[in-house]
Chemist: 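Below are the structure tokens for one structure; questions will follow.
Chain letters run A, B, ... following the sequence lines, proteins first, then strands; residues in each count from 1.
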2 protein chains.
Amino acid sequence: MKLSNAEWQIMNALWAHHPATARQLAGQLPQETKWAYTTIKTMLTRLVEKGAVGEHKQGNTSVYEPLLERKNARGSAIRTLIDQAFEGGLAPMLSFLMEDNRLSKSERKVLKEMLDKNETNKE
Amino acid sequence: MKLSNAEWQIMNALWAHHPATARQLAGQLPQETKWAYTTIKTMLTRLVEKGAVGEHKQGNTSVYEPLLERKNARGSAIRTLIDQAFEGGLAPMLSFLMEDNRLSKSERKVLKEMLDKNETNKE
DNA sequence: TGCTTTCTTCTACATATGTAGTATATTTTA
DNA sequence: TAAAATATACTACATATGTAGAAGAAAGCA
């Protein structure tokens, strides 16, 4: 499932707190994001159509919750990026990250720790 | 500079071999990608408008070359993904990669080596 | 119970993106 | 040099995306 930029914002808010009404969602969007209430409703309607979000009525008010899991959305976004920009390989992306000096020293440290932990965990 | 999916394909071909005419480009697109010649021309025109590609005439034929550097395109694509899907942090993305078991054992090994190399290189 | 607030559903519209056809100019070639 | 092949510039059109207004239904309140 592919999400547009605006859809990510809605989904992020929804993943953070759900179920939620459109009004509640509005409160949780980053303040830079100033959308009209109806804009949020439109996005939600579209996400419901796509099957990324579930909707049920509470009186006359719609309550929404994510159906698409964040994990999955993330996975497919990364997949798309890798296919598009890194010849389909994770390694080229990672080495880009290294070489382009995008990792701070502390990030590198954290990453190493993750690798070690992961290694002991998984075999 | 943000590239659409189709634009990435053109740019990938152009980065691989340039300068190139539209006709030459056509030859280098992945075979799954079967676009009409004019489709390629349209994409190129749009990329020239955006400043991602340079064009100059060779007789009546346009010869194109990338102006946008692959590095930069990659950087901004990653940036966008991270902001959108990983709370703006590289670490969350990397840990996602770890935990979601998207890395094979060998990829992890390579990654570790890169980290080590990088560390000694850069301080 | 009428006014105000809040929801909902529809509709709208601009820009972006994917994809390509047409008409016309140019170049190559028989 | 006239026909064939190419290239170019324009135009077109569907779907996606960002953004929101309008009209009407419901709910809350004075």
Side-chain angles (χ1 to χ4, degrees), chain A residues 1-14 19-65 68 73 76-77 80-81 83-85, chain B residues 1-14 19-65 68 73 76-77 80-81 83-85:
Chain A
M1 175 99 52
K2 183 150 182 62
L3 301 175
S4 75
N5 202 295
E7 288 172 339
W8 268 100
Q9 299 208 233
I10 299 280
M11 292 305 292
N12 282 334
L14 197 52
T21 63
R23 190 61 65 181
Q24 290 168 333
L25 256 309
Q28 294 183 224
L29 294 172
Q31 24 298 87
E32 314 85 77
T33 307
K34 28 166 121 311
W35 283 333
Y37 175 79
T38 50
T39 298
I40 294 169
K41 285 289 290 181
T42 300
M43 298 304 310
L44 283 165
T45 300
R46 289 181 186 170
L47 285 165
V48 169
E49 277 161 17
K50 290 173 82 164
V53 166
E55 171 179 23
H56 81 276
K57 292 286 183 174
Q58 181 91 55
N60 89 318
T61 301
S62 287
V63 180
Y64 301 92
E65 70 184 320
L68 173 63
S76 74
T80 298
L81 176 67
D83 287 344
Q84 219 167 230
Chain B
M1 173 99 53
K2 182 147 183 64
L3 300 175
S4 76
N5 203 294
E7 287 171 340
W8 269 100
Q9 300 207 231
I10 299 280
M11 292 305 292
N12 282 334
L14 197 52
T21 63
R23 189 61 64 183
Q24 290 167 333
L25 256 309
Q28 295 185 223
L29 292 172
Q31 30 299 83
E32 316 85 77
T33 306
K34 29 168 122 304
W35 284 332
Y37 175 80
T38 50
T39 298
I40 294 170
K41 283 290 288 181
T42 300
M43 298 305 309
L44 283 166
T45 301
R46 289 180 185 171
L47 284 164
V48 169
E49 277 161 17
K50 293 174 78 164
V53 167
E55 170 179 21
H56 81 275
K57 292 285 182 174
Q58 181 91 57
N60 88 319
T61 302
S62 286
V63 181
Y64 302 92
E65 70 184 321
L68 174 63
S76 74
T80 296
L81 175 67
D83 287 345
Q84 220 166 230

Chemist: Side-chain N or O of Ser62(B) versus OP1/OP2 of dT8(D): is the shortest distance under 4.0 Å?
Modeler: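 Answer yes for this pair, as a side-chain N or O of Ser62(B) is under 4.0 Å from OP1 or OP2.
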Chemist: Output the rounded distance in Å from CD1 (Ile10(A)) to P (dA20(D)).
Modeler: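 Atom-to-atom, Ile10(A) to dA20(D), this comes out as 12 Å.
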Chemist: Using a strict 4.0 Å threshold on nitrogen-to-oxygen distance, state whether Glu7(A) and Lys2(A) make a salt bridge.
Modeler: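 Judged by the 4.0 Å cut-off on N to carboxylate O distance, Glu7(A) and Lys2(A) do not form a salt bridge.
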Chemist: Going through the checks in order, is the side-chain contact (heavy atoms from CB on, under 4.5 Å) test met by Asn5(B) and Gln84(A)?
Modeler: CA-CA 7 Å; Asn5(B) 203 294; Gln84(A) 219 167 230; 2.8 Å; yes
Chemist: Given dT19(D), is OP1 or OP2 found less than 4.0 Å from the side-chain N or O atoms of Tyr37(A)?
Modeler: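 Negative; the distance criterion is not met.
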Chemist: Find the distance Ile40(B):CD1 to dA9(D):P and express it as a whole number of Å.
Modeler: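 Taking CD1 of Ile40(B) and P of dA9(D), I get 15 Å after rounding.
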Chemist: Produce a footprint string for nucleotides 17-30 of chain C: one letter per nucleotide, 5' end first; B if the base is under 4.0 Å from any protein heavy atom, S if only the sugar-phosphate is, - if neither.
Modeler: BBBBBB---SS---
Chemist: How long is the gap from CD on Gln9(A) to OG1 on Thr33(A), to the nearest 0.5 Å?
Modeler: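 Answer rounded to 0.5 Å: 4.0 Å.
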Chemist: What contact category does Lys41(A) fall into here, base, sugar-phosphate, or nothing, at under 4.0 angstrom with non-hydrogen atoms?
Modeler: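 Base contact.
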Chemist: For Lys34(B), does the NZ atom sit with more than 12 other heavy atoms under 6.0 Å from it, leaving out its own atoms?
Modeler: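 No, because the 6.0 Å sphere around NZ of Lys34(B) holds 12 heavy atoms or fewer from other groups.
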Chemist: Measure from CD on Gln24(B) to C1' on dA7(D) and round the result to the nearest Å.
Modeler: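 Taking atom C1' of dA7(D) as the reference, CD of Gln24(B) is at 13 Å.
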Chemist: How long is the span from the NZ atom in Lys41(B) to the OG1 atom in Thr38(B), to the nearest 0.5 Å?
Modeler: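 Rounded to the nearest 0.5 Å, the NZ-OG1 separation comes out at 10.5 Å.
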Chemist: First locate atom CG of Leu44(A), then atom OG of Ser62(A), and finally report the distance between them rounded to the nearest 0.5 Å.
Modeler: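 Rounded to the nearest 0.5 Å, the CG-OG separation comes out at 8.5 Å.
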Chemist: Could you tell me the separation between the NZ atom of Lys57(B) and the P atom of dA7(D), rounded to a whole number of Å?
Modeler: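 Spelled out: NZ on Lys57(B) to P on dA7(D) is 11 Å.
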Chemist: Is the phosphate of dT6(D) approached by Arg23(B) (side-chain N or O, under 4.0 Å from OP1 or OP2)?
Modeler: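 Checking Arg23(B) against dT6(D): no side-chain N or O falls below 4.0 Å of OP1 or OP2.
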Chemist: Quick one: Glu49(B) CD to dC10(D) P, roughly how many Å, whole number?
Modeler: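 These atoms are roughly 11 Å apart.
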